[in-house]
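Start at 1 and go down the list; that is how both ligands and their atoms are numbered. In what follows, residues are counted from 1 in the order of the sequence shown.
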Amino acid sequence: MRAPRILVTGGAGFIGSHTCVALIAAGYLPVVLDTLVNSDARSLQRVACITGVEPVLVCGDVRDALALDRVFAAYDVSAVVHLAGLKAVGESVVDPVSYYDVNLAGTLALVQAMDRAGVRTLVFSSSATVYGDSQPSPIAESAPYAAVNPYGRTKAMVESLLADLARADARWGIACLRYFNPIGAHESGLLGERPHGPPNNLMPYITQVAAGQRECLVVHGADYDTIDGTGVRDYVHVMDVAEGHVAALRHAARRPGILMANLGTGRGASVLEVVSAFERAMRRPLALRIGPRRPGDAPAYWADARGAWQAFGWRARRDLDQMCADSWRWQAANPHGFDDPAPAHASGLPRFQDNTSTSINSKPGHSHA
Ligand code: NAD
Ligand code: UDP
């Protein structure tokens, strides 16, 4: 029997490419739709180095209805994992319209195309930002929506759209996964995070300081009411997150309705605890200085992670030391990201390509920059 094909929007990105690895390991064939606005097609070659299967890449925009129809017509897709979107909180404050366009209108175009194609199983990349910054931790899925920026509001609106859809039409099975702070890299060192431009987030900043590409980490505040004064987050390994998509997909395919699930470890770690774990991984100290608080930062939050376990048997298995060890292995082996050639031993795997990569753009120039 042929492996079921899964459309992975945004599948060339950080979480998407790791999700492709997990899907292939679970016996699925990913078909990626991505504009590559914040990613690199070579991530999918690295997926092939790890798994022996190179996902099809369709260069196209999730807002483009005709492109979506062509993808569904060309590939016998049985479900969709929807990760395509814009994700920088600060940028969403400055340019909210682009965020509503890509994240909200993009999801609307996607579910309309899915409906036309008769594909009604969907896993959606949501975010802990839907909770805002004032909920007591651990935060359970029952906490109210209280996003404090346009990015978070686009995620909350998409969840509401999908909830209304699932209520109206019992043929849909939908899982919204609220990620906390995904970090780490594939344990092979072949696949990891390579942000375009200076990193906003803690882990890519740490890895670039460790690699000598930036002078020192600036810790954004050490006067919070936390274990050591620095901000606390629920860091979760990106491969655990990737495997969470597979478990949620199986659940959504079997059970009509909608499910909201946190993907976190249920434990918080401070900035200095992350730095210590990273120093253990690279066996030397990391240059840092304490700076002022970052405007808009919440002091501390972490997930109540029991819901995903109860609903679809997923829980995070990898700890902070492994997250840091894997991040460092990726950075050390690929200081220039995907510009570095994959190690020779990785290319020896037999490769299977589902089909040729292609471009399905009905509106040239429509892609977001
Ligand atoms: P990423 O930027 O690496 O991946 C997003 C992908 O979507 C990129 O490959 C980008 O090129 C693509 N894309 C953007 N606009 C598109 C469009 N209009 N059409 C098609 N493709 C488009 O980010 P990521 O960290 O892998 O995040 C994936 C998803 O997870 C996003 O929806 C993000 O909001 C969500 N999320 C991420 C985090 C995190 O910390 N990384 C946390 C919570 C939620
Ligand atoms: N942080 C920091 N220095 C940096 C980037 C982040 O001290 O260069 C801190 C930040 O203040 C927060 C934690 O690291 O307490 C996680 O920040 P990140 O931006 O990765 O995630 P988010 O705040 O969006 O959850």
Side-chain angles (χ1 to χ4, degrees), residues 8-19 32-41 43-44 57-64 67-68 81-90 92 98-99 101-103 105-107 109-110 124-130 133 149 151-152 154-155 158 177-183 193-196 198-206 208-209 214 216-222 224 226 230-236 238 241-242 245 263-264 268-272 274-275 288-302 366-369:
V8 185
T9 74
F14 171 48
I15 300 171
S17 55
H18 290 82
T19 298
V32 169
L33 177 79
D34 202 305
T35 53
L36 304 177
V37 68
N38 196 39
S39 54
D40 191 311
S43 65
L44 299 179
L57 170 62
V58 178
C59 289
D61 195 303
V62 75
R63 293 166 293 179
D64 184 341
L68 289 166
V81 178
H82 177 36
L83 302 112
L86 304 180
K87 63 163 187 175
V89 168
S92 80
S98 290
Y99 276 69
D101 188 20
V102 175
N103 294 1
T107 307
L110 176 66
F124 169 62
S125 287
S126 191
S127 167
T129 53
V130 300
D133 54 11
N149 53 61
Y151 167 70
T154 66
K155 293 292 183 187
V158 169
L177 302 180
R178 296 173 176 168
Y179 317 150
F180 277 65
N181 288 61
I183 60 168
E193 185 171 18
R194 184 66 187 173
H196 289 184
N200 295 313
N201 298 113
L202 180 64
M203 184 52 80
Y205 209 100
I206 287 178
Q208 293 187 12
V209 172
R214 298 189 184 274
C216 81
L217 173 72
V218 181
V219 177
H220 296 322
Y224 290 111
T226 60
T230 65
V232 167
R233 297 288 184 275
D234 187 338
Y235 298 95
V236 53
V238 66
V241 170
H245 290 74
L263 294 190
S270 73
V271 174
L272 294 181
V274 175
V275 169
L288 66 78
R289 70 177 171 82
I290 306 294
R293 292 182 178 193
R294 187 169 65 175
D297 255 359
Y301 60 86
W302 59 93
H366 186 70
S367 66
H368 175 80

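Annotation for ligand 2: atoms under 4.0 Å from non-hydrogen atoms of V219 are 7 (O). Under a 4.0 Å criterion applied to the non-hydrogen atoms of V37, ligand 1 contributes the atoms 10 (C), 11 (O), 13 (N), 14 (C), 15 (N). Of all the atoms in ligand 2, the ones that sit under 4.0 Å from a non-hydrogen atom of N181 are 21 (O), 22 (P), 25 (O). Listed by number with element, the atoms of ligand 1 under 4.0 angstrom from any heavy atom of K87 are 2 (O), 23 (O), 24 (P), 25 (O), 33 (C), 34 (O), 41 (N). Under a 4.0 Å criterion applied to the non-hydrogen atoms of N200, ligand 2 contributes the atoms 5 (C), 19 (O). Ligand 2 places these atoms under 4.0 Å from at least one heavy atom of Y235: 13 (C), 14 (O), 16 (C). Below 4.0 Å from some heavy atom of Y151 lie the following atoms of ligand 1, by number and element: 33 (C), 34 (O), 35 (C), 36 (N), 43 (C), 44 (C). Of all atoms in ligand 1, listed by their number and element, those nearer than 4.0 Å to a heavy atom of L83 are 28 (C), 29 (C), 31 (C), 32 (O).
Among the atoms of Y205, none of the N or O lies under 3.5 angstrom from an N or O of ligand 2. Here's the thing with L202: one of its N/O atoms is less than 3.5 angstrom from an N/O atom of ligand 2. At under 3.5 Å, a nitrogen or oxygen of V218, whether backbone or side chain, sits near a nitrogen or oxygen of ligand 2. In terms of polar-atom proximity, I15 is counted as a contact of ligand 1, with an N or O under 3.5 Å from an N or O of the ligand. For a threshold of 3.5 Å applied to N or O pairs, the pair formed by D34 and ligand 1 contains at least one separation below that value. When only interatomic distances are considered, the shortest N/O to N/O separation between A12 and ligand 1 does not fall below 3.5 Å. For ligand 1, the polar-atom distance check against V62 finds a nitrogen or oxygen pair separated by under 3.5 Å.
Looking at V158 and F124, their side chains come closer than 4.5 Å, going by heavy atoms from C-beta outward. Taking 4.5 Å as the limit, some side-chain heavy atom of L68 sits within range of a side-chain heavy atom of L33. In this structure, the side chains of K87 and S92 stay at 4.5 Å or more apart for every pair of heavy atoms. No side-chain heavy atom of Y301 sits less than 4.5 Å from a side-chain heavy atom of D133. Counting heavy atoms from C-beta outward, C59 and L36 have side chains that approach closer than 4.5 Å. By the 4.5 Å heavy-atom criterion applied to side chains, R214 and Q208 are counted as neighbours. T230 places none of its side-chain heavy atoms less than 4.5 Å from the side chain of V232. Residues V130 and R178 meet the side-chain proximity criterion, which asks for heavy atoms closer than 4.5 Å.
Contacts between V102 and ligand 1, counted as non-hydrogen atom pairs separated by less than 4.0 Å, involve the side chain only. Contact annotation for D297 and ligand 2: only side-chain heavy atoms (C-beta onward) come within less than 4.0 Å of the ligand. Looking at Y301 against ligand 2, only its side chain comes within 4.0 Å, counting heavy atoms. Within the 4.0 Å heavy-atom criterion, the part of S126 lying near ligand 1 is the backbone and not the side chain.
Looking only at protein heavy atoms, the nearest one to atom 18 (P) of ligand 2 is N201 ND2, 3.5 Å. In terms of protein heavy-atom proximity, atom 19 (O) of ligand 2 is closest to R294 NH2, 2.9 Å. Ranking the protein heavy atoms by distance from atom 8 (O) of ligand 2 puts H220 NE2, 3.5 Å first. When hydrogens are left out, the protein atom nearest atom 15 (O) of ligand 2 is G231 CA, 3.6 Å; that is the closest non-hydrogen contact. In this structure, the protein non-hydrogen atom closest to atom 14 (O) of ligand 2 is V271 CG2, 3.5 Å. The protein heavy atom nearest to atom 12 (C) of ligand 2 is R233 NH2, 3.8 Å.
With distances taken over non-hydrogen atoms, the option nearest atom 30 (O) of ligand 1 out of Y179, F124, F14 is Y179. One option in T107, D61, V58 has a heavy atom closer to atom 18 (N) of ligand 1 than any other, and that option is D61.
Ligand 1 lies less than 4.0 angstrom from a heavy atom belonging to K155. Taking a 4.0 Å cut-off on heavy atoms, P182 registers as neighbouring ligand 1. Taking a 4.0 Å cut-off on heavy atoms, L36 registers as neighbouring ligand 1. In this structure, S17 falls outside the shell of residues with a heavy atom less than 4.0 angstrom from ligand 1. For T9, the closest heavy-atom approach to ligand 1 does not fall below 4.0 Å.
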Dump the intermediate steps for salt bridge (Lys or Arg N to Asp or Glu O under 4.0 Å) on R63 and D101, then the final yes or no. CA-CA 8 Å; R63 293 166 293 179; D101 188 20; 2.7 Å; yes

Tell me, with the steps shown, if I183 and V236 meet side chain to side chain contact (heavy atoms under 4.5 Å, CB included). CA-CA 6 Å; I183 60 168; V236 53; over 6 Å; no

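Here CZ of F180 is found 13.0 Å from OH of Y235. Values are rounded to the nearest 0.5 Å. With values rounded to the nearest 0.5 angstrom, K155 atom NZ is found 10.0 Å from Y99 atom OH. In this structure, CG on L217 lies 6.0 Å from CG on L202, to the nearest 0.5 angstrom. Atom-to-atom distance recorded for T129:OG1 and Y151:OH is 5.0 Å, nearest 0.5 angstrom.
When every heavy atom of T226 is checked against every heavy atom of A300, the shortest pair comes out as CG2-CB, 4.1 Å. Between P182 and V241, the closest heavy-atom pair is CB-CG2, 4.2 Å.
Residues S125 and Y179 have side chains that bring a donor and an acceptor to within less than 3.5 angstrom of each other.
Cation-pi geometry between R194 and F14 is not met at under 6.0 angstrom from the ring centre and within 45 degrees of the axis.
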